[in-house]
Amino acid sequence: MSDLIDTRTPLELSHLPAQFVGREAEQDTLTDAFGVEGESRLQNFHVYGPRGTGKTHLLQRFLTTFPPTFTTCYLSGIHQNTQYKSLERLYHLLTGTTLGTGHHVADIQRKVEEQVTLPTVIVVDEVDFLLLNDGDDLLYYLTRLENTAVITVSANRRSLEEPLDERTYSSFHPQHLTLNEYTANAARQILADRARKALQPQSLQRAALTYITATTQNISIGITWLREAAETADDRITRDLVQNVEVTAYHEFVKSLLNEFTTHHRRLYNTIARLEQERGPLLTTGTVYSEYSKRCETAGVAPLSERRISDFLTHLELLDLIEATYYRGGRKGKTREIKLVDWNSRSDSEETS
DNA sequence: ATTCCACAGGAATACTCGGATA
DNA sequence: TATCCGAGTATTCCTGTGGAAT
């Protein structure tokens, strides 16, 4: 146990710091659009930004700025990955009562509709997971609800025009907000601020901090890394120490991401990681699946079907843990070529379209 | 011009579970 | 209590893909 750490909380990913660095402009954009201070208007938004750029924190914080004359609701498409689950949670928020399973969606829709009396702002974070799993029915319903604003959040799509039904998109019709990656300076401030609150004074070397912010632009990785270093350190967090825990820290980060998913997701990821070590990158779906199957046998677990694992691979892609190039035909057949994401190649990843 | 690779990914189906209704 | 219904999860089934190899 490290005695460097006074309070661990500021080093946790879920911690919402009182002071919010680097996203003031984006915060203002939202506040101005909604006119929270004066006459308020409800607006739909789509917020895009790579992983670890503060989207979730920005919106969670934004929701807290509404007065009690509003209802606000935060959903994550990772957990609320069906219309049913989303509506259930929404209903729970509105009434405090839990419905449980076994009802009809149309019934819950009606119940929710009855309960939405105050202007309501609903954030659908990680919207890609919901769309992949259950289509856009929820968004269609929500955007047609009176007196309601919907804010979708994605780390993968700048716009939802393509994945949404035309009728859904036309009633959604969002304004767009993009979060760019933190500047090194902002990242440094964020980490330094958390270190100051969590650690003994003077325990974090400047060079250590610099190394982190120069290596990754994902602030979640940065925070995990800082915490890992703090937990390992005896007296000071040095640059060397930070380098030493680099790999472990990334594993910790992956673990925390995959914690929200199933053991099969984790097994699948580990399979890919090991295959890549053994045979190098660029594996095809087939090899990954058969190796995953083997691992299941070894562990005495029934493997999931190829079809299902195909979807789980897409999940890993959405999480930015793996990268896949799709072959839609050709001598390689129709497949995906898979490799782990090179997370610490800080620099050019701007040519996406 | 064909053939072929090797799955992607849509649709139908099976199975389980909780609530509702008679 | 029996039975039915719909939601969720996972499987089964199947068609389509398109350039390189023949």
Side-chain angles (χ1 to χ4, degrees), chain A residues 75-92 95-114 124 126-142 156-157 160 162-166 168 258-269 271-272 275-276 279-297 299-319 321-339:
Chain A
L75 304 169
S76 166
I78 290 176
H79 297 108
Q80 282 78 41
N81 65 343
T82 64
Q83 177 176 204
Y84 189 101
K85 288 176 186 166
S86 304
L87 290 170
E88 195 199 2
R89 181 171 154 84
L90 185 51
Y91 187 77
H92 177 72
T95 66
T97 49
T98 315
L99 286 168
T101 57
H103 301 274
H104 298 190
V105 163
D107 286 350
I108 306 188
Q109 285 183 336
R110 195 171 26 75
K111 282 181 202 273
V112 166
E113 219 166 315
E114 284 165 12
V124 185
E126 301 284 10
V127 67
D128 309 79
F129 290 88
L130 170 68
L131 292 176
L132 178 70
N133 193 55
D134 202 38
D136 66 359
D137 291 346
L138 175 77
L139 290 186
Y140 183 67
Y141 168 77
L142 289 181
N156 306 94
R157 321 190 89 112
L160 293 185
E162 186 254 320
L164 295 186
D165 256 30
E166 211 174 299
T168 306
L258 291 182
N259 248 340
E260 327 227 350
F261 293 81
T262 70
T263 53
H264 289 284
H265 285 91
R266 291 188 278 280
R267 202 191 308 279
L268 184 59
Y269 178 82
T271 302
I272 296 168
L275 275 178
E276 197 172 296
R279 323 187 183 174
L282 300 185
L283 312 151
T284 57
T285 308
T287 47
V288 169
Y289 182 74
S290 67
E291 185 63 25
Y292 153 83
S293 264
K294 267 189 229 161
R295 289 194 131 202
C296 284
E297 306 288 345
V301 180
L304 297 179
S305 68
E306 218 173 332
R307 180 66 187 83
R308 189 114 180 93
I309 289 304
S310 172
D311 280 343
F312 284 15
L313 281 172
T314 310
H315 292 160
L316 297 184
E317 252 187 279
L318 290 176
L319 290 173
L321 293 180
I322 64 172
E323 231 166 38
T325 10
Y326 286 67
Y327 291 88
R328 320 211 146 268
R331 205 75 196 104
K332 302 190 182 207
K334 191 177 186 178
T335 186
R336 276 179 271 194
E337 237 172 30
I338 297 158
K339 61 171 189 164

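A, B, ... follow the sequence lines: proteins, then strands. Residue 1 opens every chain.
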Q.
A/Glu306: which residues meet the salt bridge (Lys or Arg N to Asp or Glu O under 4.0 Å) condition with it, sequence neighbours left out?
A. none
Q: Take atom CG of A/Asn81 and atom P of C/dA7, then tell me their distance rounded to the nearest Å.
A: 15 Å
Q. With the sugar-phosphate defined as primed atoms, P, OP1 and OP2, and the base as all remaining atoms, what B/S/- string results for nucleotides 10-22 of chain C, 5' to 3', for protein heavy atoms under 4.0 Å?
A. SSB---BBBBSS-
Q. Starting at CG of A/Asp107 and ending at P of C/dC5, how long is that distance when rounded to a whole Å?
A. 15 Å
Q. Near DNA chain C, which residues from residues 284-292 of chain A have a heavy atom under 4.0 Å away?
A. none
Q: To the nearest Å, give me how far apart CG (A/Leu313) and P (B/dA6) are.
A: 17 Å
Q. Residues two or more places apart in sequence or in another chain: which of them pass side-chain hydrogen bond (donor to acceptor under 3.5 Å, both in side chains) with A/Lys332?
A. A/Glu337
Q | Residues that A/Glu291 engages under salt bridge (Lys or Arg N to Asp or Glu O under 4.0 Å), provided they are two or more places apart | A | A/Arg274, A/Lys294
**Q.** All salt bridge (Lys or Arg N to Asp or Glu O under 4.0 Å) counterparts of A/Arg267, not counting sequence neighbours
**A.** none
Q. In chain order, what residues pass the side-chain hydrogen bond (donor to acceptor under 3.5 Å, both in side chains) check against A/Arg157, with sequence neighbours excluded?
A. A/Glu162
Q | Set of residues satisfying side chain to side chain contact (heavy atoms under 4.5 Å, CB included) with respect to A/Thr262, sequence neighbours excluded | A | A/His264, A/His265, A/Phe312
(Q) Any heavy-atom pair between the side chains of A/Leu268 and A/Val288 that's under 4.5 Å? (A) yes
(Q) Taking salt bridge (Lys or Arg N to Asp or Glu O under 4.0 Å) as the definition, give me every residue that meets it alongside A/Arg307, ordered by chain and number, with sequence neighbours left out. (A) A/Asp311
Q) Separation of A/His315 atom NE2 from B/dG9 atom P, in whole Å? A) 12 Å
Q: In whole angstrom, give the distance that lies between atom CD of A/Gln109 and atom C1' of C/dA7.
A: 13 Å
**Q.** Nearest-Å distance for atom pair CG/P, residues A/Leu131 and B/dG10
**A.** 13 Å
Q: Mind checking side-chain hydrogen bond (donor to acceptor under 3.5 Å, both in side chains) for A/Thr95 and listing every partner two or more places apart, or none if nothing turns up?
A: A/Thr97
Q) Could you give the CG-to-C1' distance, from A/Leu283 to B/dC7, as a whole number of Å? A) 15 Å
Q: Output yes when a side-chain donor or acceptor of A/Tyr84 lies under 3.5 Å from a complementary backbone atom of A/Ile108, and no otherwise.
A: no
Tabulate atom names and distances for all N/O pairs under 3.5 angstrom spanning the protein and nucleotides 13-20 of chain B.
none

Q | ring-ring contact (aromatic ring centres under 6.0 Å, His included) partners for A/His103, two or more places apart | A | none
(Q) Expressed as a whole number of angstroms, how long is the span from A/Gln83:CD to C/dT9:P? (A) 14 Å
